Amino acid sequence: MPELPEVETVVCELRDEISGDSISSVDVFRSNPIVQGDLEAFQQQLSGRTFHDVTRRAKYLIFHLQPSGYMVAHMRMTGKFIVTEPLAEPEKYNRVWFHLGSGRLMIFDDVRCFGTLEFYEKLDDSKALCKLGIEPFADDLNANYFISQLVSSTREVKSILLDQKIIAGLGNIYVSEILFRSKINPRRSAGKIRKTEWSEIIKFTQEVLGEAIENNGTTISDFRRVDDKTGKFQQFLKVYDKNEQPCPDCGVPIQRIVQQQRSTFFCPECQR
DNA sequence: AGCGGAACCTGTCGGC
DNA sequence: TGCCGACAGGTTCCGC
């Protein structure tokens, strides 16, 4: 489900739905490995608190609780949050139920159980959050941010853009799209990317993510609507999953390669 | 430092 | 039809 635009969408929807609602109790149908740390402590820490706000940091969801504390969540590949009227029985991949004071249910559903839920009294206590790099829409993100730390780096530029410690929130799909629009070959060494090229990468990062956020819901954000495969998302992607298909700009076949055990798609003609 | 590989889990799809 | 391997949008850990 999630790259940053999908997380942003979910965060906004959840904020509208649950802000002000309280948690009366928490049912866990399968904790391993979703709920981090002691399960009973987690249930106890959440029960009785109220959702005050929901925000995003990179691909993490942060549930602000009152009178104190935070639930930090990550949906990984297949996690989902659903707010619904009460159900009699958990559905197959429901992992956690949050019973809300309003009588509704917030469900964390996750086929693959890669997702994570953690409670923290203070956000600084989350090591994962502390390690994250700059947000793609941060005001102080500029070419020098990359150049200053990558002058002599031989790492491939794709690896840099996926590195959450450097820039936090980009995922495999959008990195292919960003580098295509930037006309940069994903295998280029980061240290050899010129300042003007970094500026292009930043510009197109914000453009691609912005478009995806605007098109939320019809992108990949909802497996329940996955039958709608010919929706806007397919039109939106220019290279991802387009192996052997003609480049929309020059007609040369898009190439699929593997970098860091992940698929990369690019145009060998346009991207230098 | 930074790479590759494996791991966490389950489902789906294509080839034989 | 049935089995088997490859693959899936993320992150972390380990060894070299």
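Sequence lines set the chain letters: A, B, ... in the order given, protein chains first and strands last, and positions in each chain run from 1. In this text, all values refer to a predicted model and were calculated from it rather than measured experimentally.
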Listed nucleotide nearest any side-chain atom of A:Asn172, set B:dT10, C:dG10, C:dC7: C:dG10
Taking only the side-chain heavy atoms of A:Met77 (C-beta and beyond), determine which of C:dA8, B:dG5, B:dT10 contains the nearest atom. C:dA8
I want to verify a distance call: between B:dC3, B:dC8, B:dT10, whose nearest atom is closest to the A:Ser159 side chain? B:dC3
Between P of C:dG10 and NZ of A:Lys80, the distance in whole Å: 17 Å
Could you tell me the separation between the CG atom of A:Asp110 and the C1' atom of C:dG10, rounded to a whole number of Å? 11 Å
Using the P atoms only, state how far B:dC9 lies from C:dC3, rounded to an integer number of Å. 25 Å
The nucleotide from B:dA6, C:dG10, C:dA8 with an atom nearest the side chain of A:Arg256 is C:dA8
Rounded to whole angstroms, how far apart are CE on A:Met75 and P on C:dA8? 20 Å
A:Lys195 and A:Glu200 ion-paired at < 4.0 Å: no
Look at the side-chain N and O atoms of A:His74 and state whether any lies under 4.0 Å from the OP1 or OP2 oxygen of C:dG10. no
A:Arg187 and A:Thr264: side chain donor to acceptor below 3.5 Å: no
Counting side-chain heavy atoms from C-beta on, which of B:dG4, B:dG11, B:dG2 comes nearest to A:Gln260? B:dG4
Would one find a side-chain N or O of A:Arg76 under 4.0 angstrom from OP1 or OP2 of B:dC8? no
To the side chain of A:Tyr93, which of C:dG10, C:dT11, B:dT10 is closest? B:dT10
Applying side-chain contact (heavy atoms from CB on, under 4.5 Å) to A:Pro246 and not counting sequence neighbours gives none
Would A:Phe51 and A:His64 count as a close aromatic pair, with their ring centres under 6.0 Å? no
Donor-acceptor pair, distance only, cut-off 3.5 Å: does the side chain of A:Gln44 make one with the backbone of A:Ala41? no
Base, sugar-phosphate alone, or nothing: which one does A:Gln261 contact when heavy atoms must sit under 4.0 Å apart? base
Between C:dT11, B:dG2, B:dT10, which one does the side chain of A:Arg155 approach most closely? B:dG2
Whether A:Phe42 and A:Phe98 hold their rings parallel, tilted or perpendicular, with breakpoints at 30° and 60°: perpendicular
Atom-pair distance (CZ on A:Arg57; P on C:dT11), nearest Å: 12 Å
Heavy atoms only, 4.0 Å cut-off, all strands: where does A:Lys92 land among base, sugar-phosphate and nothing? sugar-phosphate
Counting side-chain heavy atoms from C-beta on, which of C:dT12, B:dT10, B:dC3 comes nearest to A:Ala128? C:dT12
With the side chain of A:Ser263 defined as its heavy atoms from C-beta on, choose the nearest nucleotide among B:dG2, B:dA6, C:dC7. C:dC7
Carboxylate-amine/guanidinium proximity below 4.0 Å for A:Glu118 and A:Lys127: no
How many whole angstroms separate atom NZ of A:Lys165 from atom C1' of C:dT11? 10 Å
Taking CG from A:Asn94 and P from B:dT10, how many angstroms apart are they, rounded to a whole number? 15 Å
For DNA chain C, what string of dots and brackets results from 5' to 3' when Watson-Crick and G-U pairs need both distances under 3.5 Å, crossing pairs get [ ], and pairs with another strand get |? .|||||||.|||||||
Separation of B:dG14 atom P from A:Asp241 atom CG, nearest Å, is 11 Å
Could you tell me how far C:dA6 sits from B:dG5 if I compare only their P atoms? Round to whole Å. 14 Å
Kindly give the heavy-atom pair with the smallest separation between A:Leu170 and A:Thr205, and that separation in Å. CD2-CG2, 3.8 Å
For the residue pair A:Phe63 and A:Phe81, categorise the inter-ring angle as parallel (less than 30°), tilted (30 to 60°) or perpendicular (more than 60°). tilted
Distance in angstrom units between A:Arg262 CZ and C:dA6 P, rounded: 17 Å
Ranking B:dC9, C:dG10, B:dA6 by distance to the side chain of A:Arg112, first place goes to B:dC9
